[in-house]
Structures are given as structure tokens and as C-alpha cells.
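Presented below is the structure to which this report refers.
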Amino acid sequence: MSEYELTAGHELQSASFVLDRAMLDEYLSIVGAESSVYSEDYAPTTALAALGIRTLLTGFGLPEGAVHVSQELESHRAARIGESISCSARIAQSSQRGKGGRFIVFEFTIADDQSSPLLDGRTTLIVFGKDG
Amino acid sequence: MQQSDSLPELVRSVTQDQINRYAEVSGDHNPVHLDAEFASQSTFGRIVVHGMLVLAFISEMLTKEFGKDWLDLGRLKVRFRAPVYPGDRVVTFGEVKDITNGEGGNRVNCTVGCRKVDGEDVITGEASLFIRDP
């Protein structure tokens with residue numbers, strides 16, 4: 001990942017996913033989610049967020065070993081199994097932290113197939129490059 | 001529901017198998033969660049649980065309390081304070097800070113977090129949601 005690509009304003013093209021039952025059932029099992037609301041095929045907010053973070057991790061090609069510092073999420077409506085969703089992301093802020101890595105703030109939006117927002121997220125990571 | 005009400009605590013522990021499965025379902029294959037040798041060279045010194053997996057426990061606490069209202073119009077803002085290691089036992093916590101009346105419903109503001117059973121905070125923050133009038 002070049003310094004240019006880790007600068008504020010850099011954007012990703014959106015990635016698309018389908019909220020399939022197998023993926024969500026596995027997620028619910030891992031997390032131990034038991035709420036009755038999931039019997040109505042709604043997806044957990046953090047499952048959507050995980051897809052958003054997957055987009056920025058793979059799309060920006062971050063170095064290994066990034067540390068998650070903070071997370072903000074804002075839901076606009078519950079998503080359901082079977083929905084097609086898209087995720088776009090951008091780097092909102094990027095600042096060097098001496099030799100201790102780089103603080104990067106990512107913003108992502110997950111939208112439905114009508115481009116209506118489902119979830120907004122703001123993720124702060126410390127990214128360590130070759131020189132730390 | 002009223003100010004100072006506590007949210008339902010959830011107690012969880014995370015195994016390496018769960019971490020591996022979470023990496024697959026989330027797409028986060030950061031070796032700090034999966035590779036003992038890599039993790040030993042990291043700032044953590046050993047494998048750590050995905051922060052988003054621990055955050056999921058907090059979100060489940062909110063879903064348990066508020067149901068679909070949380071999924072529809074919930075907001076969360078947290079900081080990751082300390083790593084969780086495989087085998088650690090953690091418990092979520094939360095409290096209603098205040099409830100404000102708005103047009104068409106009420107906004108419920110909470111403090112939330114997750115801590116190890118020895119008391120060390122691992123995630124702290126705030127959550128809020130808008131509960132529409134029936």
C-alpha cells in the first residue's frame with residue numbers, strides 16, 4: 001500500500017454482497033446471538049459492519065497487523081437475509097504517528113439495492129508499515 | 001424503561017476456533033488473530049480476539065433489550081481499550097443514561113461496554129437509539 005493510497009480522500013469503488021442465510025447463521029452461532037428478532041430474518045448490525053470493514057481491509061490493501069482503535073456505527077434500517085447490499089468506503093483522515101504507525105480513519109456506507117443507506121460506519125485503525 | 005436502568009449482561013468467552021470462524025465469515029484474516037508467531041512479534045505479544053467480535057457482544061446486549069428498534073435506528077460509538085485473548089471471559093454492561101422525548105418517539109441514550117471478569121474494561125462507549133411511538 002503506497003503512501004498515496006493511505007491519504008485522506010482516497011475512495012474505494014463499492015463492493016457488493018448478498019446477505020445469505022449460511023453466512024448469517026454462522027455469524028449468529030459465533031457471536032452467540034439469541035434474540036428472537038433473528039427468527040424474522042433480520043441481520044445483526046455488527047454483521048453488516050463486518051462486511052463494511054472487510055471492504056476497506058481488502059480494498060485498501062492494508063498492511064498486516066493493523067490495530068482497531070475505535071468504531072462508530074449508525075443504522076438507518078434493519079437489513080434482512082437475501083438482500084443485495086453494496087459497500088463503499090473512503091479514507092477520511094490519515095496522520096503519521098511518529099515511528100508508531102499511522103492513524104487512519106475510514107468511513108464506509110452500506111446501502112441496499114435502491115442505494116438507500118442501511119448502515120454508516122467510521123473505523124479508526126493504527127496501521128504499521130515497514131518502518132513501524 | 002427509565003434512567004439508570006441496567007441493560008442485560010451477556011457473559012462470553014472466545015475460543016481460537018471461534019476466532020478462526022469469525023475470520024472466515026468477516027473476511028478479516030489479520031494474522032494478529034490467527035498466527036501465533038506473527039502475534040508474538042506484535043504489540044500484543046500473543047493472539048488477540050477481533051475487536052469487532054467483542055463489539056458484537058455489546059450489540060447483542062442492545063438487541064436483547066431493544067429488539068428490532070436497535071437494528072433499525074441504533075447508534076454506537078466505542079473505543080477499544082484493551083485486548084481480549086482467547087479463553088478470556090468477558091461480560092457486557094450498559095445503563096440507560098437518559099430518555100428524551102422527540103417527534104414520533106423517544107431517544108434512549110446509554111453508556112455501554114464490555115469488561116473482563118477481573119474488571120478490566122476492554123470496550124467502552126455510548127449507544128443510542130430512537131424508539132418510534134407505536
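Quick caveat, the model's predicted, so the values are computed rather than measured. Residue numbers begin at 1 in each chain, while the letters A, B, ... track the order of the sequences.
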Closest approach of Leu71(B) and Pro44(A), non-hydrogen atoms and distance?
->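 Closest approach of Leu71(B) to Pro44(A): CD2-CA, 4.2 Å.
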Heavy-atom pair of closest approach, residues Ala56(B) and Tyr27(A) |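 Heavy atoms of Ala56(B) and Tyr27(A) come nearest at CB-OH, 3.4 Å.
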[X] side, atom [atom1]; [Y] side, atom [atom2] - distance, nearest 0.5 Å:
X: Thr63(B); Y: Tyr42(A); atom1: OG1; atom2: OH; value: 13.0 Å
X: Leu73(A); Y: Lys77(B); atom1: CG; atom2: NZ; value: 12.5 Å
X: Ile30(A); Y: His50(B); atom1: CD1; atom2: NE2; value: 9.5 Å
X: Leu119(A); Y: Leu76(B); atom1: CG; atom2: CG; value: 10.0 Å
X: Glu74(A); Y: Leu73(B); atom1: CD; atom2: CG; value: 8.5 Å
X: Glu60(B); Y: Ser35(A); atom1: CD; atom2: OG; value: 7.0 Å

Linking I/L/V/M/F/W/Y whenever any side-chain heavy atoms sit under 4.5 Å apart, do [X] and [Y] land together?
X: Leu48(A); Y: Phe17(A); answer: yes
X: Met1(B); Y: Leu62(B); answer: yes
X: Ile99(B); Y: Leu129(B); answer: yes
X: Phe93(B); Y: Val54(B); answer: no
X: Val105(A); Y: Leu12(A); answer: no

Tell me, side chain or backbone of [X] under 4.5 Å from chain B's heavy atoms, or both, or neither?
X: Ser29(A); answer: both
X: Ala47(A); answer: neither
X: Leu118(A); answer: neither

Part of Phe44(B) within contact of chain A (heavy atom distance under 4.5 Å) = side chain
Contacting region of Leu53(B) [heavy-atom separation from chain A under 4.5 Å] =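 Contact with chain A is through the side chain of Leu53(B) alone.
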Do other residues, nucleotides or ligands put more than 12 heavy atoms under 6.0 Å from the CZ atom of Arg132(B)?
->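 Count not over threshold, so no.
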Tell me which of these, [options], has more heavy-atom pairs under 4.5 Å with chain B than the rest.
options: Ser70(A), Gly121(A), Ala49(A), Ala22(A); answer: Ser70(A)
options: Val69(A), Thr123(A), Thr45(A), Val67(A); answer: Val69(A)
options: Ala33(A), Ala78(A), Ala50(A); answer: Ala78(A)
options: Gln71(A), Glu34(A), Arg122(A); answer: Gln71(A)

Top residue by heavy-atom pair count (under 4.5 Å) with chain A, among Gly51(B), Gly74(B), Gly67(B)?
->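 Most heavy-atom pairs under 4.5 Å with chain A: Gly74(B).
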Can you list the steps and then say if Val31(A) with Phe57(B) is a side chain to side chain contact (heavy atoms under 4.5 Å, CB included)?
-> CA-CA 7 Å; Val31(A) 171; Phe57(B) 301 153; 4.1 Å; yes
Taking non-hydrogen atoms and a cut-off under 4.5 angstrom, which of residues 6-40 of chain B neighbour chain A?
-> Arg12(B), Gln18(B), Arg21(B), Tyr22(B), Glu24(B), Val25(B), Ser26(B), Gly27(B), Asp28(B), Asn30(B), Pro31(B), Phe38(B)
